[in-house]
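Here is the structure we will look at.
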Amino acid sequence: MTAPKKRKQLKHPYLVRSLRTLGFGLILSVFLHILLDASLSGFNISDTFEMIKTYPIPFLLGILVLLLVYLFLISLIGNLWASTTILVGTSIVVAFANNQKFLERGEPLYPQEFEMITQWRFMLSMLSTWLVILLFIGIAVIIAIAWVLDRYSRKVSAKYYGRDFKYWDRKTLIIRAVGLVFSGVLLFSLTNFQSSDNWLRKAYNIDAQWKDVDPKESYQQYGFVGGLIYSATANIMDKPAGYSEAKMKQITEKYDKIADEINQKRQNKPMDDVNIVYVMSESFSDPNRLNGVATSSDPIPETRKIMEKYPSGYSLSQGYGGGTANIEFEALTGLSMYNINPQITSPYQMFLYQKEKFPSLVSSLEQNNYKTIAIHPFKPSFYRRTDVYNALQFDKFISRDEMVHTKKLDDSEYISDASAYQETLDQLKASDKSMFIHLVTMQNHMTYWDKYTNTIAVEGVPEENKQTVQTYLQGIKYSDDALKDFITQLKHLNKKTMVVFWGDHLPSVFPEEIVNQNTERTMHETPMFMYANFDLPKKDYGTISPIYFAPKMLELTNSKVSPYYALLTEMSQQVQGLEKNVLIDNHNKTIIEDQLSTKAKEYLADYKMVQYDLISGKSYAKTSMFKDR
């Protein structure tokens, strides 16, 4: 009996193994990049390859970035299949989430949204049961395959290389260390992607023109990886020409004088001991304003009655189907998303949570001894609200964890508007001090599946959309009822109280057929009004941006203004609505930038300078612009 032949041993097994691992990583990166790019088009492979064909260099560079991530993981972990599982599993989850967001809101996943993984239960609740099951099955299958392949590869390694490589033997550790440093340094260098000297930016620039591309287009043109890196490293604002301490002093003096002129005609200190309640109502809109939508009854009759009697109009929302925190940012700070770079898709999550004592309506009212409270019937960590509200200088934040009134409607998963209003009333009654309460409701947040007994029918939308639209209509009907009760109770409150109410954005329940029948402005307009349990002059504001809520409120109550609110007051008389894709002049007409009046351009230039100073600059005017009279 002859002895079996010995397999010839490789001369350089570590080198061969390393090259094979890199080759496998390259193939894996190609497939994962195609998967991520396909998620931008509903997994339409034809559209995906057309994008790759049009922009081949960004596609190749995206593969390179994924390969570096793979190299970093395998160098750090040391196990091929464990690293592969992490990369593949993460890519599938991201591709799935990206596709779902595109379906719901027509937008890709932005960098700051990856922290939402900490809210994974809430995110899963927004998906149908079968999608959640399918997702978990997919992840389980990947883990099982990786485990089997890991066991099998050990046998192959012993047979082919003549050894089972250990994670901790000397040569393997040296190779891993080199790979970790090499990939780590290159990946870290991507944090400087906005620099014209960055190696990857230079390579992308061969085929990419970033300057005039909004975040969504950067993903769709240059791939998911390119779009993600570009958005993650964007500057908050570009420095305006001429920005300096001397320029900010000049602007401060200018609006200090204008504030004096305004205040000569006004008698009251800010609000003069009036309780102020901001109500930002989740996804509250007027569906009857939409072309193509017909409802069997008016879902918001009480809101309409209030708007007919009190100062009212429409809020120009920065978002559609989402972006609640951005509208909140505008209303509380008076700073517009119009001047912020489009890649900064969430000021709360991308810079405001890091600020200390950021000037806002809250800090202005605190100068006048107001007690300030934020109420939001949801998790305090969502949009980093705990940190943000601290930065804005709220005295107290009441989340769902501290609320006394937490009732829900029918099968809804969210605390009702009626409960949120009762919580607000309790706070108003509990204090003798003047109060500012900022309430952000949650009742009408997506999803809009079958959770109510619907009483309002809808026509004009496709049959497959009727259930979700009718569920949404029932939700805002409940909100309208709760608002009526809230206003009724405020009428009997002994303390003078003023309410600024607006919807944050329209929901994403309306299909493309409806969206296409309406203008972009219409799809970004929500009801707003200013109610008081004392006399107010009736005004029709048309459509205004949330940055003007505070100066309009000060005007209605004949209250004195700081230089900052003097600037906003003057600017509102020239351009009353400004968002990325919509400008509205002082005649309530939609215009383009070239049609702005000379005065409007002057105020907008000063406003941009002040905004840069507060957000990205040296805060030269932080104290003087917000000093109340």
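Any value given below was found using the heavy atoms of this structure, including those in side chains, with hydrogens, waters and symmetry copies removed.
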Sub-6.0 Å ring centroid separation between Y389 and F397: yes
Short N-O contact, E261 and R266, less than 4.0 angstrom: no
Salt-bridge present (D606, K254; N to O < 4.0 Å): yes
Worked check of side chain to side chain donor-acceptor pair (under 3.5 Å) between N326 and E330: CA-CA 6 Å; N326 294 353; E330 291 192 333; over 6 Å; no
Close aromatic pair by centroid cut-off 6.0 Å: F501 and Y278: no
Pairwise distance CZ(F351) to OG(S616) - rounded to 0.5 angstrom: 7.0 Å
Pairs satisfying salt bridge (Lys or Arg N to Asp or Glu O under 4.0 Å), at least one member in residues 278-298, at least two apart: D286-R304, R289-E525, D298-R304
Test of ring centre spacing under 6.0 Å for Y531 and F486: no
Qualifying residues under side chain to side chain contact (heavy atoms under 4.5 Å, CB included), relative to K496, sequence neighbours excluded: V274, N533, F534
Close aromatic pair by centroid cut-off 6.0 Å: Y348 and Y353: no
Sequence-distant partners of M307, side chain to side chain contact (heavy atoms under 4.5 Å, CB included), two or more places apart: T303, S312, Y314, P527, F529
Within the 6.0 Å centroid threshold, strictly below: F378 and F382: yes
H505-Y320 aromatic ring centre distance below 6.0 Å: no
Atom pair CG/OG1 of L428 and T497 - distance to nearest 0.5 Å: 5.5 Å
